[in-house]
Protein chains: 2
Amino acid sequence: MKYTKEKLVSFFKSNGRMPSYSELAKLYGFKSKNSAYSLASNFIDQDILRRDSKGFLIPGEQFNGIQILGTVQAGFPAFASEEKGEHLSLDEWLVNEHDATYLLRVSGDSMIDAGILEGDYVVVERTQDFSVGDIVIAEVDDEWTMKYLRIKNNKYYLEAANNEYPDIYPKGELKIHAVVRSLVRKYEKNK
Amino acid sequence: MKYTKEKLVSFFKSNGRMPSYSELAKLYGFKSKNSAYSLASNFIDQDILRRDSKGFLIPGEQFNGIQILGTVQAGFPAFASEEKGEHLSLDEWLVNEHDATYLLRVSGDSMIDAGILEGDYVVVERTQDFSVGDIVIAEVDDEWTMKYLRIKNNKYYLEAANNEYPDIYPKGELKIHAVVRSLVRKYEKNK
DNA sequence: CTTGTTACTGAACGAGCGTTCATATATAAT
DNA sequence: ATTATATATGAACGCTCGTTCAGTAACAAG
């Protein structure tokens, strides 16, 4: 392919929308809108773009998202066969209820045995739809914590994922504010 | 606010672009384009939408992304003050080099002490820009693994984050295929 | 050189675009 | 009732849109 999708992607990122055909022409150095039209048709064949019912260009399956390749440590799929894999957007995958979802930075090591480390980010959803076994953001006796929600003798209590932290049996009210739906960790580059 | 952004968001999700003003009018039950124009102006005031140089509607800061609230376990910020916080897109945050980035499912427990559990997903970037200390996807003696990259006596070797796994000193060639840039874990709902 | 193919140009079309303005309706305040 | 304020309507403007079509330029095959 002589023309790659890179310029298109960067246009979309900085402009928040797909280009019109005249913009597309300018973007790739064409003097005619029709050249852009053909180029777009190419991209459509690759499912990088789509034309919607009004003719506008919109992102196709291959435009956004990152590819799911396979499993590491159980027959790693060859990078060669990386064409047309499944693509997904992390935002759509991890976030269900958009307006009730927040990101919290984790401090402390109380959930370390659950693989939640200091500096990680948890995606929490403000909801009362929690279950025993969930990791919840709770307010107990005027303190906020993130712990496992457990139950004993029909009473909720909180359990850390770290032996050095005792279970918390609320004296007063136990308020569940949010449920941890997913976790995100970003590795900084070593230098 | 009488009119919320929900319909707008769902239009964007299913159509891949922002509506025109006539579409916006239909979406909210207006009979006039100008009503949609005023509505859009409201959304623009809230930075849910923006108008670009051509007048097209594009997503604003408050349209996408999830809010970063604060830190759990060190003075949890009140949910009350949740207005106009910082928003971010997980895709943009976690993925730098789009075309070289892939998602891999983790199997095994060899990196468990680094908080990488079975079933997690790692976001890896195919690059040769790795450093000692990175978690890498490596091919050594015809086997693929994910391990810490270490160095001793000017020779690379691989170290697991689990005492039960020995260090791997490659007999033959050590090929670094990718570097782990971030980690994603999705909790399934307990029922 | 001729022929066919592909890539690009440039003009044209009707349609829908964003925007403005004047007007009508509804809501609230006095 | 009267006024004021916000909200919705509908027509109109010039402009750019997507799309089509005919024509030119580049280039390879025979």
Side-chain angles (χ1 to χ4, degrees), chain A residues 1-65 83-84 87 89 99, chain B residues 1-65 83-84 87 89 99:
Chain A
M1 264 296 286
K2 188 174 170 190
Y3 298 102
T4 69
K5 69 174 184 181
E6 281 175 39
K7 294 181 178 180
L8 188 62
V9 171
S10 80
F11 184 99
F12 185 80
K13 278 193 182 170
S14 58
N15 294 75
R17 60 171 174 83
M18 283 297 172
S20 68
Y21 287 100
S22 54
E23 288 169 330
L24 188 62
K26 197 185 296 175
L27 198 58
Y28 283 87
F30 295 126
K31 293 184 178 173
S32 162
K33 278 202 299 178
N34 191 20
S35 304
Y37 195 83
S38 317
L39 177 62
S41 302
N42 274 337
F43 284 145
I44 287 168
D45 289 341
Q46 304 171 53
D47 206 2
I48 292 171
L49 287 178
R50 282 173 194 171
R51 258 192 274 266
D52 74 0
S53 56
K54 285 239 177 77
F56 291 118
L57 297 175
I58 58 174
E61 177 76 9
Q62 306 298 315
F63 185 81
N64 264 330
E83 314 283 337
K84 295 256 176 190
H87 281 238
S89 150
D99 288 339
Chain B
M1 265 295 285
K2 188 175 171 188
Y3 299 103
T4 68
K5 69 174 184 181
E6 283 176 36
K7 294 181 177 179
L8 187 63
V9 171
S10 81
F11 183 100
F12 185 80
K13 278 193 181 169
S14 56
N15 293 76
R17 60 170 174 84
M18 282 298 172
S20 68
Y21 286 102
S22 54
E23 288 169 330
L24 188 62
K26 197 185 295 176
L27 198 59
Y28 283 87
F30 294 125
K31 292 182 177 174
S32 162
K33 277 202 298 178
N34 190 20
S35 305
Y37 195 82
S38 319
L39 177 63
S41 303
N42 273 336
F43 285 145
I44 288 168
D45 288 341
Q46 305 170 54
D47 206 4
I48 293 170
L49 288 179
R50 282 174 195 171
R51 256 191 274 268
D52 73 0
S53 56
K54 284 235 178 78
F56 290 117
L57 297 173
I58 58 173
E61 178 76 9
Q62 306 297 314
F63 186 82
N64 264 331
E83 314 284 336
K84 297 257 175 186
H87 280 237
S89 152
D99 288 340

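These numbers were taken from a predicted model, which means no experiment stands behind them. Proteins get letters first, then strands, A, B, ... in listed order; numbering begins at 1 in each.
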Which nucleotide in D/dT20, D/dA8, C/dT19 has an atom nearest any side-chain atom of B/Y3:
D/dA8

Please confirm whether the shortest side-chain N or O distance from [X] to OP1 or OP2 of [N] is below 4.0 Å.
X     : N      : answer
B/S35 : D/dT9  : yes
B/Y21 : C/dC17 : no
A/Y37 : D/dT20 : yes

Start at the 5' end of DNA chain D and walk down; is the nucleotide closest to B/G29 or to B/K54 reached first?
B/G29

Describe the nucleic acid contact of B/S22 in one word from base, sugar-phosphate, nothing, applying a heavy-atom distance below 4.0 Å.
sugar-phosphate

Give one of base, sugar-phosphate or nothing for A/S20, where a contact means two heavy atoms less than 4.0 Å apart.
sugar-phosphate

Using the benzene-type ring in the case of Trp, are the ring centres of A/F56 and B/F56 under 6.0 Å apart?
no

Given the rule in the side-chain contact (heavy atoms from CB on, under 4.5 Å) test, do B/K5 and B/Q46 qualify, once you have shown the distances and angles that lead to the verdict?
CA-CA 10 Å; B/K5 69 174 184 181; B/Q46 305 170 54; over 6 Å; no

Output the rounded distance in Å from [atom1] ([X]) to [atom2] ([N]).
X     : N      : atom1 : atom2 : value
A/I44 : D/dG18 : CD1   : P     : 11 Å
B/R17 : D/dG18 : CZ    : P     : 11 Å
A/K31 : D/dA26 : NZ    : P     : 11 Å
A/M18 : D/dG18 : CE    : P     : 13 Å
B/N34 : C/dG18 : CG    : P     : 12 Å
A/F56 : C/dG18 : CZ    : C1'   : 11 Å
A/L39 : C/dT9  : CG    : P     : 12 Å
A/K26 : C/dC8  : NZ    : P     : 19 Å

Shortest non-hydrogen contact from B/A40 to B/L57?
CB-CD2, 4.1 Å

Below 3.5 Å, does any donor atom in the side chain of B/S32 face an acceptor in the base of D/dG10, or the other way round?
yes

Between the side-chain atoms of A/K33 and the base atoms of D/dG18, is any donor-acceptor pair under 3.5 Å?
yes

So which of B/R17, B/M18, B/K54 actually passes side-chain contact (heavy atoms from CB on, under 4.5 Å) with A/R17?
B/K54

For B/N42 and B/I48, run side-chain contact (heavy atoms from CB on, under 4.5 Å): C-alpha distance rounded to whole Å, both residues' side-chain angles, the deciding distance at 0.1 Å, then the answer.
CA-CA 9 Å; B/N42 273 336; B/I48 293 170; over 6 Å; no

